[in-house]
Each structure stands twice: as structure tokens, then as C-alpha cells.
Amino acid sequence: MNGSGNGNGKENGYGKRVKVESEVARKKIKTEGEKKRRVKREQKEEEEAEEYEWWRDQNGDKDDTIRWTQLEHQGVLFPPEYVPHGVPILYDGEKVYLEPEIEELVGFFAALLETEHGANPTFQRNFFNELKLLMSKSKRKYPIKEFSRCDFRPMYEYFQKQKEEKKQMSKEEKAALLEERKMIEEKYGYCILDGRREKVGNFRIEPPGLFRGRGAHPKTGCYKRRVRAEQITINIGKDAKIPEPPKGSKWGNVIHDQTVTWLAMWKENVNDNTKYVFLAAGSSLKGQSDLKKYEKARELKKHIVRIRKDYMAALTSSDGKTRQRATALYLIDRFALRAGNEKGDDQADTVGCCSLRYEHVTFEDGKVVFDFLGKDSIRYYNKVEVHPAVYRNLVSFQRAAKTPGNLLFSLINTVELNKHLSSLMPGLSAKVFRTYNASHTFQQELEKQDVTPASSIHELTLAYNRANRQVAVLCNHQRAVAKNFSGQLSKIADRLMGLRYECRRHIDLLKPNLTDLSLADRAKYDLAPFEQACRDDPDRPITTEWLYSYFADLLTKDIERLEKKKASDATQSNLDSIEEKLASLSSELSTLNSKKEALSSSKSSKPYIPEMYRLTFNSIDKSFSTIQRLYTRIVATKTALVDKDENKTTALGTSKINYIDPRITVSWCKKFDIPVEKFFPKTLREKFKWAMHADKNFKF
DNA sequence: GCTTCCGACTCAGAAATATAATA
DNA sequence: TTATTATATTTCTGAGTCGGAAG
């Protein structure tokens with residue numbers, strides 16, 4: 001590996017920035033240390049792998065239709081054959097035992113019983129049709145007629161139990177399993193490409209199951225059948241040894257096509273789509289096209305002003321087709337919309353720019369509202385201001401479309417659009433705008449961030465992620481809300497409430513003591529911003545009931561702490577005082593509980609505060625600094641809350657992996673003296689090997 | 001020429017797994 | 001400490017783009 005690239009991590013390791021501040025941090029140091037060792041080990045592995053630095057001898061005008069000259073590989077790995085378990089399902093409450101083939105299919109459904117797929121009517125219907133088909137072909141007679149009379153629970157429970165058992169496996173068993181996995185990866189996971197050992201991506205043949213289409217896919221739940229060797233085409237070098245198919249079978253076809261990069265291919269039965277086995281993302285072949293993609297996007301930089309001028313002028317063209325094309329381009333460029341190819345009826349109804357329909361735009365307060373399902377049925381909702389000409393055009397396109405269901409851009413399509421684009425710049429197509437705008441936005445946002453090389457790792461990470469998030473929002477990259485998200489949020493909100501309450505009572509304590517001060521002195525202790533910060537959240541007011549739970553919580557935690565202390569390092573001398581404290585804590589806890597009980601019946605106005613948590617005034621300065629400290633924590637907790645909430649549905653990964661030129665990250669890391677490992681985990685460093693030596697002055 | 005089809009590739013979020021944080 | 005839970009990373013496979021061949 002080249003020195004300038006990888007040496008970076010060593011010179012600027014974590015150690016320099018980790019501040020040893022307290023004993024509490026000691027534990028951190030240990031884990032930091034372990035982390036450091038792990039990172040070092042990874043780096044070593046990266047260095048050890050003998051490296052072909054393909055990016056060093058790129059010559060642009062090589063014949064790029066031939067993708068390889070030598071290709072050797074081990075073929076594909078098939079999933080294990082089905083092993084029947086004999087667990088029945090219930091029909092009208094009666095046990096029904098199934099023959100293996102049918103049991104397997106039913107098992108696919110039973111496993112998904114508690115998921116959204118299992119509850120999806122289309123999924124259920126498609127699955128059940130497949131089941132009826134299999135039963136009708138069987139010699140056996142099954143009583144099963146209606147889905148609603150089936151009970152898949154027993155099988156579901158059985159699978160759950162199995163999962164549980166797997167979790168309970170001993171260390172040795174787990175290690176053995178891992179070992180086997182490694183062996184398999186060693187065999188199938190690599191190929192020889194032009195004399196070099198390169199990683200293969202998905203060498204595992206997809207196991208049978210129920211097709212899990214996204215969104216409202218009409219075929220979701222259909223039986224995705226087991227793939228056999230006879231369906232598979234192997235692509236391999238002429239001189240290479242052809243991999244052995246499973247016993248008793250043979251490959252469907254073996255070809256030696258040097259113009260493509262796949263190693264194996266088959267047709268999947270549900271949608272008749274082709275599935276490929278490709279090299280891994282870190283391979284030279286993938287890396288080369290990745291680099292090419294970003295270079296093309298950078299090429300667009302040189303033309304973007306002209307292209308924008310071009311389509312802005314065309315917005316008011318007298319030719320309808322030209323106006324539509326210009327408007328579509330405006331949307332693709334400004335809002336990073338996808339091109340939007342036509343789709344069939346046997347697919348989910350999703351759209352991109354060119355396939356937008358009447359119902360996907362509305363006009364509100366002089367703005368345009370886009371609301372449609374995009375790729376993967378992810379909702380795109382955006383209320384935006386647009387250029388007046390674009391507004392006028394959209395209104396008129398919609399009027400021309402007349403009714404829902406009709407195309408907004410009725411006169412153009414993606415093929416034409418891309419043809420036009422490639423006439424403006426060789427190789428330009430709609431998707432290049434997404435790459436260009438994503439990378440460009442990222443670089444700009446990064447520059448906007450208020451950080452210096454002296455900033456802490458934490459601040460730098462935050463800055464990076466903020467820029468990253470801007471791009472994710474631009475590209476509408478979303479993710480499902482985490483399972484217990486609201487629980488996690490309310491936990492933080494609860495913590496915030498506690499801080500607010502504490503801040504409030506410290507202010508109340510201090511305030512009366514300020515009245516005697518001179519006006520000038522009083523100005524030194526301005527409480528206004530703090531009072532503002534600890535004002536109640538109207539959605540979560542501090543009630544007496546909450547207060548009692550708050551103190552009960554504090555008591556419980558203090559009791560636990562003391563119990564621990566008692567158990568671990570109590571000497572005879574302090575044992576008594578511990579016992580004493582424990583007793584008073586417990587008594588306060590029971591007092592509190594009874595007060596809480598009484599709360600529902602009587603409405604006493606003054607909340608009871610356990611003795612040990614009552615505040616006593618000490619000095620103005622002490623009190624004031626406590627308030628300041630609490631204030632800082634309130635602000636930090638608030639931002640954490642906002643941060644978490646904003647990140648709730650935003651997926652940062654997709655843009656990092658596919659849209660942001662990695663050289664921007666690398667150069668920024670060099671400039672700000674922070675290891676790239678902070679932002680690129682192992683596989684990404686592998687994927688972006690070609691970008692690791694980017695200069696610190698690199699500009700996208 | 002045109003439209004339609006389809007092959008080959010990139011990009012997408014969910015699910016599985018590994019790791020770190022916390023009780 | 002160990003067990004549990006949260007978070008980060010990797011794997012999986014479905015869903016797009018786009019260009020060129022076929023009809």
C-alpha cells in the first residue's frame with residue numbers, strides 16, 4: 001500500500017485526541033485501546049494483501065469492451081437441501097401434516113407470520129394460491145381450502161424455538177460454525193482475474209422462499225423456487241477449469257464472454273429477472289467503474305453552467321416537447337429526481353421524473369407539492385418553490401393531462417431525455433446529475449461546517465454527519481423507524497425533563513438572593529436564558545405525579561448504588577453509615593409511594609420532596625455555576641433529541657456508498673487530521689481503495 | 001426508423017450479524 | 001462480571017437506470 005494513504009491513520013490515531021480526564025474515562029481507554037488494536041489489525045490485513053494499484057495505470061483510451069483476459073473461479077454455492085421437520089399446521093383447529101415439498105412452502109409463510117409480509121393480503125393471497133397449486137399436484141388429499149381457516153402458529157412457534165436454541169449455542173459450537181463459514185468463503189469467495197486474486201461478491205445461490213416485493217407489488221408472496229445447476233450459466237475463462245456442479249447435475253451452460261463481468265447467471269422464476277454473480281465491491285473491476293462514475297460527474301461540472309442556461313431558456317420554448325424536456329431536466333437537476341422509466345403492470349406502481357402523473361403534483365401557496373412513491377416505494381414528499389416558468393409549465397402539463405392516471409410529461413421519455421443529455425456532454429445521462437449534485441452538495445456543506453483541525457473528534461464527526469445528512473435528504477434516502485424508537489426518544493425526553501426541573505429549582509433557589517445586589521452585579525447573573533431553557537415542554541408538563549416518579553427513580557438508583565457498595569467494599573467502619581443511609585432512602589421511597597397513591601384521591605397542591613433531595617442555598621456563585629452546568633446539559637440533550645429525531649427516517653449509508661465521491665472524505669480527513677476509519681468502515685475502505693491517496697487539496 | 005425487449009450493471013432498504021454500551 | 005440492549009456494519013436481494021439488440 002502506498003505510504004501517504006495508509007500512513008495517515010497511524011500518525012493521526014485516536015491517542016492524540018483522547019483526553020484522560022477522569023477515572024470514569026479509564027474504562028473508555030481500555031475499549032479505545034482495544035479498538036485501536038482492532039483497527040491496526042485490519043490495517044495490517046489491508047497492507048498484507050498483495051496489492052495491484054490499478055488506478056495508477058489507467059489509460060483512458062484502452063479498449064473497454066474487453067473486461068478481462070483471465071478468469072478462474074469456483075462457481076456458486078447452493079443452499080442446503082430441505083430437511084423436513086414434521087411440524088403440522090392447524091386447519092379448523094385440526095392438525096394437518098404436510099409432505100416435505102408442501103411443508104417447506106408453508107414454512108416460508110409461517111416464518112413470516114409476525115412480519116408485515118405475513119399480514120399483507122396480497123402476500124397471503126399469492127402464497128395461498130401457490131399452496132393450492134402444490135396441493136392439487138399432490139397425490140395426497142389435503143382438507144385445506146381457505147386461508148382464513150389455517151393456523152400457522154405451531155410451525156411459527158417451532159421456528160421461534162429453533163431460533164432460541166441457536167442463540168443458546170455454546171461458544172465452541174458457534175466457533176465451529178464460524179470456522180465452516182470461513183472455509184466456504186475461502187473456497188468460493190475468491191477468483192483469479194487477470195493473474196490477481198479478487199473477491200467474489202454474492203457466490204451464494206439465493207435460497208427458495210416467498211418473493212418479498214417492496215410496497216404494493218402484485219407478485220409479492222409468490223413462490224421463489226429453488227435454483228438448480230441446470231438453470232445456471234457459468235461465465236469463465238477459456239483455459240480455466242470448469243467448476244464441478246453438484247453431484248448428478250450439470251450446468252445449464254458454460255460460456256467465455258470477456259465483455260461482461262459476471263461469473264454466473266440464472267433466471268429467477270417470479271419476475272423472470274436475471275440474477276448475476278458479480279465480483280465484490282472492493283474488486284478492481286467495480287472500483288474502475290466507480291472511479292469512472294465520479295470522473296464523469298466531475299466532467300459535468302465543466303458543463304453544468306451551460307446546460308442549466310440551456311434548459312432554463314428552453315422552459316419557455318414554443319415547442320411543447322422542448323418545454324417538457326426542459327422542465328423535467330430542471331426537476332432532475334434541482335431535486336435530484338430519478339429519470340423515471342416506464343414500468344409494467346406486474347410491478348409496484350412507483351414513478352420517477354418522466355413517469356410522474358397528474359395526481360403526483362399539486363399547487364399550494366404558490367409552491368409545488370410533489371407527493372409520489374419512488375424507487376422501493378419510498379414516499380417522496382416535497383413542497384418547493386420553483387422558477388415561475390417551471391410553475392407555469394407544470395400547471396399547464398397537468399391541465400393537459402386532464403385526469404389522474406395520465407402522464408404529466410406526455411411528450412417525452414427517458415430514452416429521449418438521455419439522448420438529448422448525451423448530445424450536451426458525451427456520456428451524460430439523468431443519473432449523473434444525482435451523483436454530481438450529491439457530491440457537490442456534500443463538499444459545500446462540509447465547507448460550511450464550523451470546525452477547525454483543532455476541533456474534537458466528536459465535533460468533526462458531527463460536522464461530517466451533518467453534511468452527509470444534507471445529501472441523504474436531497475436524495476430522499478429513507479429507512480424504517482427503529483423498533484423501539486419512541487421508547488428511546490421518551491427516555492431522552494424524560495432525562496431532559498429531569499434536567500429542566502433541576503435547573504428550575506436551582507433558579508428558584510438563587511433568585512431571592514439576587515434582590516439585594518446592585519443593578520450592575522445583578523446583570524452579571526442574568527437568569528433569563530436559563531429560565532427560558534427550563535420552561536416546560538407543553539407536550540410534557542411537569543406534574544406532581546411525574547415528580548414523584550422522578551424522585552422514586554433517583555431513590556431507587558441511589559439504593560442500588562449503596563447496595564453494591566455494601567456488597568463490594570464495605571469495611572466495618574463505613575458499614576454502619578451505609579446501612580443508615582439505606583434505611584432512610586427506603587423509608588423515603590415508601591413515603592413517596594404512599595404519597596403517590598394518595599395523589600389520585602386527594603389533590604394536595606404542594607409536592608413532597610424527599611429530604612435528601614431538598615436544596616439548600618450556599619453561595620450565589622456556586623448556585624449560578626450549577627445552573628450554568630445544567631443549562632449546558634439541557635442544550636446538549638435537546639440537540640441529541642433533535643438529532644435523533646432527524647435521523648429517525650434518514651439513511652446516511654446509501655449516499656455515502658453510492659453518491660459521495662470518497663476522495664472528498666479522504667481529503668477532508670487529511671486536512672482535519674482525523675483518521676478515515678472514522679467514516680469508512682473496513683468494507684468501504686476496501687471499496688474505496690482507489691480514493692485513499694487523494695490529495696488533501698482535492699476538489700470534487 | 002420506430003418501438004419494445006432485455007441484458008448488464010448500479011443503487012436501495014431490510015434483515016442478519018457483529019460490536020459496543022449499559023444495567 | 002455477565003446478560004441485555006442499542007448501535008454499527010455487512011449481507012442479501014429487490015428495484016432502478018440505460019444502452020443496444022430485436023422485431
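Here is the naming used below: chain letters follow the sequence lines, and residue numbers restart at 1 for every chain.
Nucleic acid contact for A/Gly653: none, since no nucleic acid atom lies under 4.0 Å from a heavy atom of the residue. Nucleic acid contact class of A/Leu684 (heavy atoms, under 4.0 Å, all strands): none. A/Gly374 comes within 4.0 angstrom of sugar-phosphate atoms only, judged by non-hydrogen atoms across all strands, and of no base. No engagement by A/Lys292 is indicated, since no non-hydrogen atom pair under 4.0 Å with the nucleic acid exists. Counting non-hydrogen atoms under 4.0 angstrom, A/Ala482 reaches nothing in the nucleic acid. Residue-level contact check: A/Lys267 touches the backbone only, with heavy atoms under 4.0 Å from sugar-phosphate atoms and none from bases. A/Thr414 comes within 4.0 angstrom of nothing in the nucleic acid, heavy atoms only.
Remark: C1' of B/dG13 and CG of A/Leu373 are 15 Å apart, rounded to the nearest angstrom. If you measure from atom CG of A/Leu177 to atom P of B/dA16, you get 16 Å, rounded to the nearest angstrom. When the C1' atom of C/dT7 is taken as reference, atom NZ of A/Lys648 falls 18 Å away, rounded to whole Å. Taking atom CG of A/Asp290 as the reference point, atom P of B/dT10 lies 8 Å away to the nearest angstrom.
Taking 4.0 angstrom as the limit, A/Thr654 places none of its side-chain polar atoms (N or O) nearer than this to OP1 or OP2 of B/dC11. For A/Arg479, no side-chain nitrogen or oxygen approaches OP1 or OP2 of C/dT7 to under 4.0 Å. Considering only side-chain N and O atoms, A/Asn341 lies nowhere under 4.0 angstrom from the phosphate OP1 or OP2 of C/dG16. For the pair A/Lys275 and C/dG14, the criterion of a side-chain N or O lying under 4.0 Å from OP1 or OP2 is met. Between B/dA12 and A/Tyr659, a contact under 4.0 Å exists linking OP1 or OP2 to a side-chain N or O. Phosphate proximity of C/dC12 to A/Asn202: absent, as no side-chain N or O sits under 4.0 Å from OP1 or OP2. An OP1 or OP2 oxygen of B/dC9 is reached within less than 4.0 angstrom by no side-chain nitrogen or oxygen of A/Ser289. Between A/Lys286 and B/dC9 there is no side-chain N or O to OP1 or OP2 distance below 4.0 Å. Between C/dT10 and A/Thr683, a contact under 4.0 Å exists linking OP1 or OP2 to a side-chain N or O. For A/Thr350 and C/dG16, the shortest distance from a side-chain N or O to OP1 or OP2 is below 4.0 Å. One finds no side-chain N or O of A/Lys375 lying less than 4.0 angstrom from the OP1 or OP2 phosphate oxygen of B/dG13. Considering only side-chain N and O atoms, A/Thr274 lies nowhere under 4.0 angstrom from the phosphate OP1 or OP2 of B/dA8. Between A/Arg338 and the phosphate of B/dA12, there is a side-chain N or O to OP1/OP2 separation shorter than 4.0 Å.
When distances are taken from the side chain of A/Leu178 to each of B/dA18, B/dA14, B/dG13, the shortest belongs to B/dA18. Looking at the side chain of A/Tyr276, the nearest of the listed nucleotides B/dG7, C/dC18, B/dT10 is B/dG7. Here the side chain of A/Asp376 is nearest to one of B/dC9, C/dA15, C/dC12, namely C/dA15.
DNA chain B is contacted by both A/Lys166 and A/Phe278; A/Phe278 maps to the nucleotide lying nearer its 5′ end (nearest heavy atom per residue). Closest-nucleotide positions on DNA chain B for A/Ala480 and A/Val415 were compared, and the one nearer the 5' end corresponds to A/Val415. Looking at which nucleotide of DNA chain C each of A/Val432 and A/Lys656 is closest to, the 5′-most match is held by A/Lys656.
For the pair A/Lys224 and A/Glu268, the salt-bridge criterion is not met [side-chain N within less than 4.0 Å of a carboxylate O]. Here A/Glu164 does not pair with A/Lys161 in a salt bridge; the nearest charged N to carboxylate O distance is not below 4.0 Å.
Within residues 204-223 of chain A, the residues that have a heavy atom under 4.0 Å from DNA chain C are, in order of number, A/Arg204, A/Glu206, A/Pro207, A/Phe211, A/Arg212, A/Gly213, A/Arg214, A/His217.
Pairs passing the salt bridge (Lys or Arg N to Asp or Glu O under 4.0 Å) check and including a residue from residues 415-426 of chain A, sequence neighbours excluded, read A/Lys321-A/Glu416.
A/Phe688 has its ring centre less than 6.0 Å from the ring centre of A/Phe680. Ring to ring, A/Phe442 and A/Tyr464 are close: their centroids are under 6.0 angstrom apart.
Neither side chain, A/Asn341 nor A/Ser355, offers a donor N or O lying under 3.5 Å from an acceptor on the other. A/Tyr276 and A/Thr261 form no side-chain donor-acceptor contact under 3.5 Å, judged by distance and modelled atom types alone.
Annotation: side chain of A/Glu677 is in contact with side chain of A/Arg685 (closest heavy-atom distance under 4.5 Å).
With hydrogens and angles left out, the side chain of A/Lys431 and the base of C/dC18 share no donor-acceptor pair within 3.5 Å.
Annotation: cation-pi pair A/Lys286/A/Phe278 present, NZ/CZ under 6.0 Å from the ring centroid and within 45° of its normal.
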